[in-house]
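Computed from a predicted model, the values in this text were never measured in an experiment. All ligand and atom numbering here is 1-based and tracks the order in the structure.
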Amino acid sequence: MRKNVVAGNWKMNKTLQEGVALATELKEALAGVEVKCGVVVAPPLTHVASVVEAVKGSVIGVSAQNCAEKEKGAYTGEVSAEMIQSTGAGFVILGHSERREYYGETSEIIKNKIQLVLANGLTPIVCFGEVLAQREAEKHFDVVKSQVQEAMFDFSAADFGKMILAYEPVWAIGTGKTASADQAQEIHAFVRGIVAEKYGKQVADDCTILYGGSCNPANAKELFSNPDVDGGLIGGASLKAADFMAIIQAF
Ligand code: 13P
């Protein structure tokens, strides 16, 4: 069955102490509240194990923001999917546009990372989305289609079914410019359609597709009310417990 999820991508923000404090505040805010979606936080890697500890006993799942493309060995500075799994985290964000743009991540790299994440029993949250010039040139459907196909379609239906997808139009990330509810719905329905073509209707119906890009307490309800928008991947607004709580409660 399809699951609604609200995930907070903290990006490169918060010290360890600030991160643990935010996670603890969130845990306390969620206690005793009826939550109608999965809740995930993705702190920087240095904080993951401590945040796992801080949110124990709550509904909050913990995600990394990236992992290595290699399994293990002489790759100074890298952190493997197995290491992330060993912290107790359950998710890894992959293919974020910031990784594609600033760190040269290709679909091939993202695919390899998905493989390692799945092999370690973690859930990949795989991002894709067009840049402004591509939308203006009306190429957004083509761009999204090839990103999804290249990174995610070389897997079995069973493995694909373990992934969470996240549509993040790059022009909406951190800009305050949100995709309209209609724009989000249009792409999400399109993605669900190509998933149905590849893996069949049941897999497509069960697939969680999040929206990301300037999602906030004021627009979350409208975005999430779309039939094909199954939650959000939240950047800036996930850094304040009250804002993130308000987005969670938009369900
Ligand atoms: P903002 O919510 O800050 O626009 O970031 C979205 C994002 O990139 C989440 O991964």
**Request:** Please say whether Ser214 places an N or O atom under 3.5 Å from an N or O atom belonging to ligand 1.
**Result:** yes
**Item:** CD/Glu18: more than 12 non-hydrogen atoms of other groups inside 6.0 Å
**Value:** yes
**Prompt:** Are Phe141 and Phe190 an aromatic pair by the rule of ring centers under 6.0 Å?
**Reply:** yes
**CD/Glu222: more than 12 non-hydrogen atoms of other groups inside 6.0 Å** = no
**Message:** Can you tell me which portion of Ile173 lies within the under-4.0 Å heavy-atom range of ligand 1? Options are side chain, backbone, both, or neither.
**Reply:** both
**Fill in**
The side chain to side chain contact (heavy atoms under 4.5 Å, CB included) partner of Asn112 among Glu71, Lys70, Glu69 is Glu69
**Asked** Does NZ belonging to Lys240 count more than 12 external heavy atoms closer than 6.0 Å?
**Response** no
**Asked** How far is atom 9 (C) of ligand 1 from its nearest protein heavy atom, and which residue and atom is that?
**Response** Glu168 OE2, 2.9 Å
**Message:** I'd like to check whether Gly236 has a polar contact with ligand 1, where a contact means an N/O of the residue lying under 3.5 Å from an N/O of the ligand.
**Reply:** yes
**Message:** For ligand 1 and Gly212, I'd like to know whether there is a polar contact (N/O to N/O, distance under 3.5 Å).
**Reply:** no
**Prompt:** Would you say Ala172 touches ligand 1, if touching means a heavy atom closer than 4.0 Å?
**Reply:** yes
**Request:** Assess the pair Phe153 and Tyr199: is the distance between their ring centroids shorter than 6.0 Å?
**Result:** yes
**Test side chain to side chain contact (heavy atoms under 4.5 Å, CB included) applied to Val62 and Ile84, Val51, Thr87, the passing residue** = Val51
**Complete:** Residue, atom and distance of the protein heavy atom nearest atom 2 (O) of ligand 1 read Gly235 N, 2.9 Å
**His96-ligand 1 polar pair, N/O distance under 3.5 Å** = yes
**Request:** Identify, by atom number and element, the atoms of ligand 1 in contact range of Gly213, meaning under 4.0 Å from any of its heavy atoms.
**Result:** 4 (O), 6 (C)
**Item:** Close approach, Gly174 and ligand 1, non-hydrogen under 4.0 angstrom
**Value:** yes
